[in-house]
Structure formats: C-alpha cells, structure tokens
Amino acid sequence: MALIEGIVGNNRGGVGDGSPIVARMGKTGEMIVGDAHAEHFEASSRGNVFTGATATAGCAVGSLTISTTCAHLLYNPIGSGVNLSMIQASAWYVSGTLGAGLLLYTTNSGVAAIAPTAGTAITSRSALIQGGNAAPKGVCQTLSTSVPSMVTLRPFCTLLAYAGAAIGANFPLKDQLNGEFVVPPGFFFGIHGITAAGTSPIMGFSFTWEEVPIT
Amino acid sequence: MDCIGIVGNAAKQPAKDGNLLVTRFGKTIERSIGMAHGEYYEAVSRGNVWSAVGASAGSAPGTSLSTTGAFTLHNPLNSGVNLVILTASMALPWKTTQYTMGAGSIYYTTHTGLAVVNPSGTPITIRNCLLGSSSSPKALAFEQSTIAAQVPLRPFCSLGAIVSDTSALTPFSVKDALNGEFIVAPGFGINIHGITAAGSSPIVVLAMTWEEVPIT
C-alpha cells in the first residue's frame, strides 16, 4: 500500500507553469486544493446539464392546496437510465398581484407509471451552448395536470401580495440546490404554490439539472 | 510515495477521454480539482440525505426559548449515525385569516446534556432526497415539540412584522446552506425556534435537510 505524501506549506509563495512539484499539505495533514474551473464545468462541458424554463409569458402560480396540478415540474421517464440531479431552481415575477403564501418543492409519493399529461411542454436546452447536443431525458412541463400523489419536500420561497406597479427591490429568486434532490426514473420534482388567489398572478420558473447514468 | 504533479495543465491542451495525465497544481501548489457532480450528489444518490418540512398550513415560530421547539430534528440514542445538517429553509404560509408576524429573530438551538428520552410533538414525515427511496431515516422530526430546555446556537434569520395578506413586499427566499456546520450526535437535537414579539397568530413553515453519516 502506497502512502500519498506531500510537503506542508510547499512553495506557497508561487511556482511557474510546467514545474514538477510535490503536493502541498496543510498543517493538519489535509491536502490543499483549489477548483480548476467553476463548480459545474465538468458536467456542463460534457453536455450532461440542461435547463428548462417556462415560456416568458409565465404561468399561474398555484392554488390553495396541493392537488393534481403542478405549476412547473421536471419528470424522469421510466427507463431513462439516468438520475436527474437538481442543480438550480429559479422563479421570477411576470404580472398580476401575487397571492400571499409560499412556493414549495414537491414530488410524487409513488412511482408514476406514465408521464404527467396535459401540461405545456417546455423545450429544455443544454447548458453546453454550442448546438447539436443530445436531447435531455428529463421532461419539463408547465401546469402539468394529472400529477400523481403530490407531496411537499421543503419551501422554496414566500410570496406576499406584491404587484408589479408597486415599488420593490429587485429580487433574484434562485436556489442553488447542487444535488440536494435526485430524481430517479418514475418520479418528478416540481414547484407549486399554496397561496391566496391574488389577481391573475403570473410567474415564471426554471430548473437546471444534471443527468447522471444509473450504474 | 510523494504526490507529484505539474503546475498548470501538463497536457497544455485539453486531453481526450482515456488519456493518462499527471495531476495538476495551481501556482501556489494547491492541487487543482474538479467536481464530478453537484455538491450533494454522492450522498443523495446513496440514499443518505433526508428532508423534513412542517405542515404547509404552518405553525407558530415561538417567542422565547423554552421547552417547546417550533421545529426539532432529533438524533435518537444508539442511532449509529451523526446528523450532518445541510440546509435549513423557511417560508410564510397562506392562511384564510390574517396573521401578523412578530418582529424578532429565528434561531438554531440545541440542548445541553444527553437526551435519554426522545422528544415528543407533532411528527413530521421525513422524505429521502433520492426521491421515492423506500429506506427509513434514523432521525426524528417534530413540530411544536416538547424538548429539553433550549440553548441558542446562532441566528438563522430575522423576522419583520409582515401582515400576511396586505404587506405588498417582493417575494423572498430564506434558505441557509449549512453544509455540515452543525453535526448532531445521538442523544441530541437541533431546533429552529423564534425569539420574537407576539405578533398576531404568526405562523411559519420550517424545514431541514441533513445527511446521516455512520459513526465509526
């Protein structure tokens, strides 16, 4: 068995490119590391990351209860051969007066034998922006109906009775999930509101996810 | 055996799949790494990460630290795992009747001394973050729990005196990526609880995500 060794504090003053060098270690035996690239570069550069957003016209936020309709969801079809690792979720205001309440992440409590139907299909796009990439296995839909046995996972954000005409700070609603939820085949991950009616509240939603082969 | 690499990309150009490469170092000899997947993917895909969220109707956040916890995640004695807290989140729910939040702060709390008896309260259904997994968690989660006297760890967030149906504020997200900042050993718990003014029937929805790591 070979031991991996390095030198504590090795050349921390800096070394030029191309120099062979022994690894730098911390004072408690940890190897000192740094990211070569941004966090999702490896997965995105291999064409495994996708994003799906509602149409710019947005969609209704939700209703007073969890039902069989989901505002925005990502479904993993049975037999896809991949897990969907959720990387990011976002939401934005489009129009109307929002109904006070909350947006929640949701899923289904049992395997969905068929994809949720009657929703508005979303064209998901590869995060490797070069064209010609493989299509995603995950299916994004807006206002999917016949969503089976929807249950809540955790809150995404709070909505209050905001109207676009009111003065308000810009509000980025982006949740860096980084794999916090993984969607196996037969399941979906959704965003849905439990809110007051408001007045024609319309928002947009998006998901970014990585497709990881199941081994 | 020394771990030896080259400063910068030894191949000069991006390598092709299957090529053998020497490991890369930065100019201050930090080993250059890349993430295969999202930060939590490995733990989640192995079914070790769990999520608990209070009822979507909400419950009282609390006004002072006592023996009642608004949200409690407890690690039973002899569970064989540590609970590594990954995220905490909060939102204000919809309710038919108006409520007003009490101004103040929401805290992470725990208790001193081993809890031989598990807390009680309104149990929360815990779900695996590998959605649909049928495995069972070791942890217990409650709303409005009865626990040992709380001591504060640190603040989670502040609350303003929001009026549920008339405050026309922009949407907001309250999520804390703890990423292992707190680890709950068997016999202990972590709570989310408010130190706030009374408000008028205030309610919140609280949640936590955690990894269960075997104790070796």
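Chain letters run A, B, ... following the sequence lines, proteins first, then strands; residues in each count from 1.
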Among N48(A), D35(A), I87(A), who wins on heavy-atom pairs under 4.5 Å with chain B? D35(A)
Under 4.5 Å to a heavy atom of chain A? For L130(B) that would be both
So Y40(B) and L177(A), do their side chains get closer than 4.5 Å, heavy atoms only? no
Among residues 97-106 of chain A, those lying within the under-4.5 Å heavy-atom range of chain B are L98(A), A100(A), G101(A), L102(A), L104(A)
May I ask you to test the I32(A)-I29(B) pair for a side-chain heavy-atom distance under 4.5 Å? no
Would you call S19(A) and I6(B) a side-chain contact if the rule is heavy atoms closer than 4.5 Å? no
To the nearest 0.5 Å, what is the distance between CE on M31(A) and SG on C3(B)? 4.0 Å
If you take all heavy atoms of L169(B) and Y162(A), which pair is closest and at what distance? O-CB, 3.1 Å
For residues E30(B) and V33(A), determine if any side-chain heavy atom of one lies less than 4.5 Å from a side-chain heavy atom of the other. no
Is there a side-chain contact between H40(A) and M35(B) (heavy atoms, below 4.5 Å)? no
For the side chain of T28(B) and the backbone of G14(A), is there at least one donor-acceptor N/O pair under 3.5 Å apart? no
Counting heavy-atom pairs under 4.5 Å with chain A, which one of P93(B), S167(B), G34(B) comes out on top? S167(B)
Roughly how far apart are E42(A) CD and H37(B) NE2, rounded to 0.5 Å? 8.5 Å
Answer yes or no: are there more than 12 heavy-atom neighbours, outside I4(A) itself, under 6.0 Å from its atom CD1? yes
Relative to chain B, which segment of N83(A) carries a heavy atom at a distance below 4.5 Å: side chain, backbone, both, or neither? side chain
Most heavy-atom pairs under 4.5 Å with chain A, out of A91(B), S134(B), G38(B), S32(B), belong to A91(B)
Where along residues 199-216 of chain B does a heavy atom come under 4.5 Å of chain A, listed by residue number? V205(B), A207(B), T209(B)
Output yes when D17(A) and R24(B) qualify as a salt bridge under the 4.0 Å nitrogen-oxygen rule, no when they do not. no
Could you check whether any side-chain heavy atom of F181(A) comes within less than 4.5 Å of a side-chain heavy atom of V44(B), counting everything from C-beta outward? no
When rounded to the nearest 0.5 angstrom, what distance separates CZ in R127(B) from CZ in R154(A)? 15.0 Å
Ranked by heavy-atom pairs below 4.5 Å to chain A, first place among S51(B), G132(B), G26(B), G5(B) goes to G5(B)
By a 4.5 Å heavy-atom criterion (distance strictly below it), what part of D17(B) contacts chain A: side chain, backbone, both, or neither? side chain
Looking at L173(A), I7(A), L159(A), which makes the most heavy-atom pairs under 4.5 Å with chain B? L173(A)
What residue, out of G34(A), S85(A), A161(A), G16(A), has the most heavy-atom pairs lying under 4.5 Å from chain B? G34(A)
Honestly, the part of E210(A) sitting under 4.5 Å from a heavy atom of chain B is side chain
Nearest-0.5 Å distance that lies between atom CZ in R24(A) and atom CZ in F25(B): 11.0 Å
Rounded to the nearest 0.5 Å, what's the gap from CG on L160(A) to OG1 on T170(B)? Could you check? 8.0 Å
A quick test of your reading: do over 12 heavy atoms of other residues, nucleotides or ligands sit less than 6.0 Å from NZ of K138(B)? no
Sub-3.5 Å donor-acceptor pair from the side chain of K175(B) to the main-chain atoms of P155(A), do we have one? no
Heavy-atom distances under 4.5 Å only: say whether T107(A) touches chain B with side chain, backbone, both or neither. side chain
Roughly how far, to the nearest 0.5 Å, is OG1 of T87(B) from CG of N178(A)? 11.0 Å
Do L131(B) and L153(A) touch side chain to side chain, with heavy atoms closer than 4.5 Å? yes
